[in-house]
> 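Got a structure for you, questions after.
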Amino acid sequence: MNIKIITSEETKEKPDQSALGFGKHFTDYMFEMDYIEGQGWVNPTIKPHLPFLMDPSSLVLHYGQTVFEGLKAYKSEEGRTLLFRPEKNFERLNISSHRMCIPPIDVTMAMEALIELLKVEEKWIPIKNGTSLYIRPFIFANQQTLGVAPSASYKFMIILTPVGAYYAEGFSPVKIYVEQKYVRAVPGGVGNAKTAGNYAASIRAQYEAKKKGYSQVLWLDGCEHKYVEEVGTMNVFFKLNGEIITPVLNGSILSGITRDSVIQLLRGNGYSVTERKVEIAEIFKAAENGELEEVFGTGTAAVISPVGELATDDEKIIISEGKVGKLSQWLYDELTGVQNGLKPDTFGWVKTL
Ligand SMILES: *Cc1c(COP(=O)(O)O)cnc(C)c1O
């Protein structure tokens, strides 16, 4: 692939690595490519990260035909750029695209684009402990027309943002509200696609949970409000009576790459992991009986997010005495160790540039 590079004399000042936050600063360059009906994906370009013009009738603004991904680049102690299972993200982008009727991208081409962009922006990868360069690939419908139908044109872009340690005040458990009114996804819907509408639909619930003092919501299934699906934008695991369980992928749950990595890591270290339907009542009952040992979320942003409290409007359970559980801590240390090149990569997950 021949990527055109448009350079700029103007570069931004790099932000302070101890106060990066998440998604606040963007690097100097981005990748952009167009899909034109009859031509396919064309014009791969690396160019300055700047606002761009869109027609107000652009389809994505009205009907939300769009998909995205999220992954991270890390700097090793030797100064190499490391990516964690990046092909998985582009494969999943295509799965999301298929559901949203967006034409697929070539995974090899997307990897090439990402690697080229990272070469240009290498100096933007922060090195301070816990920091990384968050990568956001996305595709959106860009035809200028109104009417619900597959777009005739799309844009595929990759933007980059240096992000700080997720746990600025140290690795600590979060309080979660068990959502019983709103749902995130339904069977046959778009829950297993990383598409904007899922997140737009979740904002009201998250906003109301925050007002009640919780940091995220635990989503139950859309039909019976009985089975656990996800926690915020993370997959969820429970350690219950020595057994590790996680909701089975049922079509309305997003198939997390961190989820898959955690399952492989646990199984590879002699733990048994069961993927099955998990009733929320079972979890509350196990907590009452003293059998609920740990609860944690998994996702690229936080990696592992220990849950210290689960609450409905009438009931509340405290997990691991509100502290970080042993297993959560071990998984966090193992995964971040591999991602940063500090621990052996026994599964061949790390791509070194
Ligand atoms: C992205 C995402 C996850 C986590 O996926 P990872 O690949 O582990 O980052 C889980 N649930 C939802 C709804 C997500 O959007």
Side-chain angles (χ1 to χ4, degrees), residues 22-23 64 66-74 83-97 99-100 107 110 114 132-139 161 163 166 174 176 179 182-187 189-206 209 215-222 227-238 246-266 273 275 278 295-307 328 331-332 334-336 338-339 347 349-351:
F22 192 91
T66 178
V67 293
F68 71 92
E69 268 304 324
L71 67 159
K72 286 172 169 176
Y74 308 82
L83 291 168
F84 186 74
R85 311 183 74 187
E87 288 91 355
K88 290 271 163 222
N89 291 91
F90 291 119
E91 286 164 11
R92 188 172 63 189
L93 188 68
N94 279 339
I95 293 169
S96 300
S97 286
R99 179 64 182 83
M100 305 309 291
V107 172
L114 174 59
S132 58
L133 185 69
Y134 185 81
I135 301 162
R136 168 54 57 87
F138 59 108
I139 304 175
T161 165
V163 298
Y166 195 86
V174 291
I176 302 289
E179 181 58 60
Y182 303 113
V183 298
R184 193 191 88 89
V186 292
V190 296
N192 61 347
K194 254 180 139 68
T195 185
N198 283 332
Y199 307 87
S202 76
I203 293 170
R204 169 57 60 184
Q206 194 193 324
S215 67
Q216 268 300 347
V217 302
L218 182 95
W219 297 106
L220 300 178
D221 75 280
Y227 300 100
V228 175
E229 297 237 311
E230 302 198 49
V231 56
T233 56
M234 287 182 287
N235 295 113
V236 63
F237 285 75
F238 302 91
T246 188
V248 65
L249 299 177
N250 60 357
S252 54
I253 293 172
L254 200 285
S255 173
I257 294 159
T258 318
R259 175 188 183 278
D260 179 73
S261 308
V262 161
I263 292 173
Q264 288 195 49
L265 198 56
L266 287 169
V273 184
E275 297 173 73
V278 182
V295 180
F296 55 90
T298 66
T300 296
V303 186
I304 301 292
S305 183
V307 174
S328 306
L331 283 165
Y332 180 78
E334 281 302 307
L335 271 180
T336 56
V338 171
Q339 289 168 337
F347 291 90
W349 284 335
V350 176
K351 187 172 181 80

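These numbers come from a predicted model, not from an experiment. In listed order, ligands and their atoms are each counted from 1.
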> In the protein, which heavy atom is nearest to atom 3 (C) of ligand 1, and how far is it?
T233 O, 3.3 Å
> Looking at T300, which atoms of ligand 1 are within less than 4.0 Å of one of its heavy atoms?
6 (P), 7 (O), 8 (O), 9 (O)
> Name the one of R85, K88, Q339, E334 that satisfies side chain to side chain donor-acceptor pair (under 3.5 Å) with S261?
R85
> Work out whether the distance between some heavy atom of R184 and some atom of ligand 1 is less than 4.0 Å.
yes
> What residue and heavy atom of the protein are closest to atom 14 (C) of ligand 1, and at what distance?
K194 NZ, 3.0 Å
> Considering all heavy atoms of both residues, which atom of V236 and which atom of F238 are nearest to each other, and what is their separation?
CG2-CZ, 4.0 Å
> Enumerate the atoms of ligand 1 whose separation from the nearest heavy atom of G256 is less than 4.0 angstrom.
5 (O), 6 (P), 7 (O), 8 (O)
> Does any N or O atom in E230 lie less than 3.5 angstrom from one in ligand 1, N or O only?
yes
> Side chain, backbone, both or neither: which part of T258 comes within less than 4.0 Å of ligand 1 when only heavy atoms are counted?
both
> Show, in sequence, the C-alpha distance, side-chain angles and deciding distance for N192 and L249, and conclude whether the side chain to side chain contact (heavy atoms under 4.5 Å, CB included) test is met.
CA-CA 9 Å; N192 61 347; L249 299 177; over 6 Å; no
> Using a 4.0 Å cutoff against the non-hydrogen atoms of N235, which atoms of ligand 1 qualify?
10 (C)
> Return a yes/no value for Y199: is any of its N or O atoms, backbone included, closer than 3.5 angstrom to an N or O of ligand 1?
yes
> I'd like to know whether K194 forms a side chain to side chain contact (heavy atoms under 4.5 Å, CB included) with Y199, so could you lay out the CA-CA distance, the side-chain angles of the two residues, the decisive distance to 0.1 Å, and finally the verdict.
CA-CA 9 Å; K194 254 180 139 68; Y199 307 87; 3.5 Å; yes
> How close do P137 and G70 get, counting heavy atoms only, and between which atoms?
CD-N, 4.3 Å
> Can you tell me if K88 contacts ligand 1 (heavy atom of the residue under 4.0 Å from the ligand)?
no
> Short N/O distance, under 3.5 Å, between I257 and ligand 1?
yes
> List ligand 1 atoms under 4.0 Å from R92, heavy atoms only on the residue side.
5 (O), 6 (P), 7 (O)
> Run the salt-bridge test on E87 and R92 with the 4.0 Å N-O cut-off and return the result as yes or no.
no
> Determine, for R184 against E229, whether the closest basic-nitrogen to carboxylate-oxygen distance falls under 4.0 angstrom.
no
> Hey, can you tell me if F237 and F296 have their rings parallel, tilted or perpendicular (30° and 60° cut-offs)?
parallel
